Undergrad: 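There's a structure below that I have some questions on.
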Amino acid sequence: MNVTIPYKRRVLAWLDDLTDAARACGAVNTLFLQQGRLVGENTDAPGFWADLTHRLPQVAAWTHPRAVLLGAGGAARAVAWALSRQGWTVYVVARRLDQARELVQAFRVRGLASLFAYPWESRTDPAAPWFREPGPVLLVNATPVGMAPHVAASPWPEDGPWPQEAAVYDLVYNPRETRLLQAARRAGLPAVDGLGMLVFQAAFAFARWTQVDPARVLPAMAKAVGLSLPHEVA
Ligand SMILES: NC(=O)c1ccc[n+]([C@@H]2O[C@H](COP(=O)([O-])OP(=O)(O)OC[C@H]3O[C@@H](n4cnc5c(N)ncnc54)[C@H](OP(=O)(O)O)[C@@H]3O)[C@@H](O)[C@H]2O)c1
């Protein structure tokens, strides 16, 4: 079965074991049975990375990749895990600085040291490293800001400022075109919504339960939600 908001952390107490990703993220979205034991998995993390590599391949291939991660909740943890394991530097920006610090500390304990906590107000501070230091930056929204019904809200000011070379990934998929994505596209930045992550995490969960190759189910899942995936996936 799948587990979603608000049970992704609460379910931990009921499980016999966790996969590495679930343990690191401290959140579970998929349960499966292994030799009679109930195991918790997190497919949001590989789902995010798979979607990034398919829909923003030029970003996934950056040589000195950095991300500004907005939010420090369950989904942010999955994104932080996915990116930091791929060698990314991740600036975790949250309205509760203690929550961002807790995330960073939890990852440090696991040997992932390239994460740093910042307060919410710093996201547009010209002194912040994503403005000050050269190199491309992926801006990831892992907050619900902009999600229906509050579609007029955005976690980033409409008219920027944007890092000098930037791309935007909004985990929100309802609506697909959030204010954040609209603003990013107006500024000429590559930008994608969270629908691809939703489809990939579902395909990876389905594969866990059935041992079916995720590539076999992706086209039907993508079609069901009106998502066009790059040709090589479909
Ligand atoms: N595309 C996908 O497949 C996928 C998968 C998972 C989640 N998501 C989406 O990702 C979003 C976050 O989900 P989640 O499970 O991580 O939720 P969560 O655990 O509740 O975390 C939300 C984070 O956003 C922060 N936040 C909430 N409202 C805010 C505001 N007005 N200003 C600044 N920060 C704010 C929260 O801070 P506080 O703790 O202080 O409230 C927290 O850090 C949701 O929109 C969800 O639909 C998408």
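Counting convention: from 1, in listed order, for ligands and their atoms alike. Count residues from 1 along the sequence. The structure presented is a predicted model; accordingly, all values stated were derived computationally and were not measured. In what follows, every heavy atom counts, from backbone to side chain, and hydrogens, waters and symmetry copies are set aside.
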Undergrad: State plainly whether the residues Asp17 and Arg23 are in salt-bridge range, i.e. N to O under 4.0 Å.
TA: yes

Undergrad: Quick one: which ligand 1 atoms are inside 4.0 Å of a heavy atom on Ala75?
TA: 6 (C), 7 (C), 10 (O), 13 (O), 14 (P), 15 (O), 16 (O)

Undergrad: Just which atoms of ligand 1 are under 4.0 Å from any heavy atom in Ala72?
TA: 43 (O)

Undergrad: Would Arg66 and Glu133 pass as an ion pair if we require N to O under 4.0 Å?
TA: yes

Undergrad: Just need the protein heavy atom nearest to atom 48 (C) of ligand 1, so name the residue and atom and give the distance.
TA: Leu171 O, 3.4 Å

Undergrad: Quick test: of every protein heavy atom, which one is nearest to atom 12 (C) of ligand 1, and how far off is it to 0.1 Å?
TA: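 For this ligand atom, the closest protein heavy atom is Ala142 O, 3.5 Å.
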
Undergrad: Does even one non-hydrogen atom of Phe48 get within less than 4.0 Å of ligand 1?
TA: no

Undergrad: Does ligand 1 have a heavy atom under 4.0 Å from the side chain of Leu195, from its backbone, from both, or from neither?
TA: neither

Undergrad: Is it true that, when you exclude Gln58 itself, more than 12 heavy atoms of the residues, nucleotides or ligands shown sit nearer than 6.0 Å to its CD?
TA: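 Above 12, so yes.
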
Undergrad: Give me the residue, atom name and distance of the protein heavy atom closest to atom 21 (O) of ligand 1.
TA: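 For this ligand atom, the closest protein heavy atom is Gly73 CA, 3.3 Å.
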
Undergrad: Using a 3.5 Å distance criterion without hydrogens, assess whether the side chain of Arg185 forms a donor-acceptor pair with backbone atoms of Ala191.
TA: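 Here the side-chain-to-backbone pair exists.
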
Undergrad: Could you tell me which atoms of ligand 1, counted from 1 in the order shown, lie closer than 4.0 angstrom to a heavy atom of Tyr173?
TA: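 Within the 4.0 Å cut-off of Tyr173, ligand 1 contributes 1 (N), 2 (C), 48 (C).
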
Undergrad: Identify which of Arg9, Gln99, Lys8 has a heavy atom lying nearest to atom 43 (O) of ligand 1.
TA: Gln99

Undergrad: Checking contacts here: is it the side chain or the backbone of Thr143 that comes within 4.0 Å of ligand 1, counting heavy atoms only? Could be both or neither.
TA: both

Undergrad: State whether Asp170 and Arg176 are salt-bridged, where the test is any N-O pair (Lys NZ or Arg NE/NH1/NH2 against Asp/Glu carboxylate O) under 4.0 Å.
TA: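 Looking at Arg176 together with Asp170, the answer is no, because their closest N to O distance does not fall below 4.0 Å.
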
Undergrad: Just distances here: any N/O of Arg96 and N/O of ligand 1 closer than 3.5 Å?
TA: yes

Undergrad: Angle class for the Trp49/Trp88 ring planes (parallel below 30°, perpendicular above 60°, tilted otherwise)?
TA: perpendicular

Undergrad: Any sub-3.5 Å donor-acceptor pair from His54's side-chain atoms to Ala50's backbone N or O?
TA: yes

Undergrad: Under the 4.0 Å line, does any protein heavy atom show up next to atom 1 (N) of ligand 1?
TA: yes

Undergrad: To which of Pro144, Ala27, Gly71 does the heavy atom nearest atom 22 (C) of ligand 1 belong?
TA: Pro144

Undergrad: To check your reading of the model: name the closest protein heavy atom to atom 41 (O) of ligand 1, its residue, and the distance in Å.
TA: Arg95 NH2, 2.8 Å

Undergrad: Kindly confirm or rule out an N or O of Gly194 lying under 3.5 angstrom from an N or O of ligand 1.
TA: yes

Undergrad: I'd like to know if Arg77 pairs up with Asp44 as an ion pair, taking the criterion as any Lys NZ or Arg NE/NH1/NH2 lying under 4.0 Å from an Asp or Glu carboxylate oxygen.
TA: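 Result for this pair is no, no salt bridge flagged.
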
Undergrad: Ala94: heavy atom below 4.0 Å from ligand 1, yes or no?
TA: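 Distance cut 4.0 Å: Ala94 fails for ligand 1.
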
Undergrad: Nearest protein heavy atom to atom 5 (C) of ligand 1, by residue and atom, and its distance?
TA: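 Looking at atom 5 (C) of ligand 1, the protein heavy atom closest to it is Met197 CE, 3.7 Å.
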
Undergrad: I'd like to know whether the aromatic ring centres of Phe48 and Tyr169 sit less than 6.0 Å apart in this structure.
TA: yes

Undergrad: Identify the closest protein heavy atom to atom 47 (O) of ligand 1: which residue and atom is it, and at what distance?
TA: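 Nearest protein contact, heavy atoms only, for atom 47 (O) of ligand 1 is Met147 SD, 3.6 Å.
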
Undergrad: Can you find a heavy atom in the side chain of Phe131 that is under 4.5 Å from one in the side chain of Pro161?
TA: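 Side-chain contact under 4.5 Å: yes.
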
Undergrad: Within the supplied structure, the quantity of interest is the number of heavy atoms (other residues, nucleotides, ligands) at a distance under 6.0 Å from Tyr7 OH; does it exceed 12?
TA: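 Counting neighbours around OH of Tyr7, 12 or fewer heavy atoms of other residues, nucleotides or ligands fall under 6.0 Å, so no.
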
Undergrad: Using a plain distance cutoff, I'd like to know if Gly74 has any nitrogen or oxygen under 3.5 Å from a nitrogen or oxygen of ligand 1.
TA: yes

Undergrad: Which of the atoms of ligand 1 are close to Val145, meaning less than 4.0 Å from one of its heavy atoms?
TA: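 Result: 29 (C), 30 (C), 31 (N), 32 (N).
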
Undergrad: Short N/O distance, under 3.5 Å, between Trp120 and ligand 1?
TA: no

Undergrad: Which residue and non-hydrogen atom of the protein lie closest to atom 17 (O) of ligand 1, and at what distance in Å?
TA: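 The protein heavy atom lying closest is Ile5 CD1, 4.3 Å.
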
Undergrad: Would Tyr118 and Arg123 count as having a side-chain donor-acceptor pair, cut-off 3.5 Å?
TA: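 Side chains of Tyr118 and Arg123: no pair found under 3.5 Å.
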
Undergrad: Please examine the side chains of Trp209 and Thr30, heavy atoms only from C-beta on, and report whether any two atoms are closer than 4.5 Å.
TA: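 Of all side-chain heavy-atom pairs linking Trp209 with Thr30, at least one is under 4.5 Å.
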
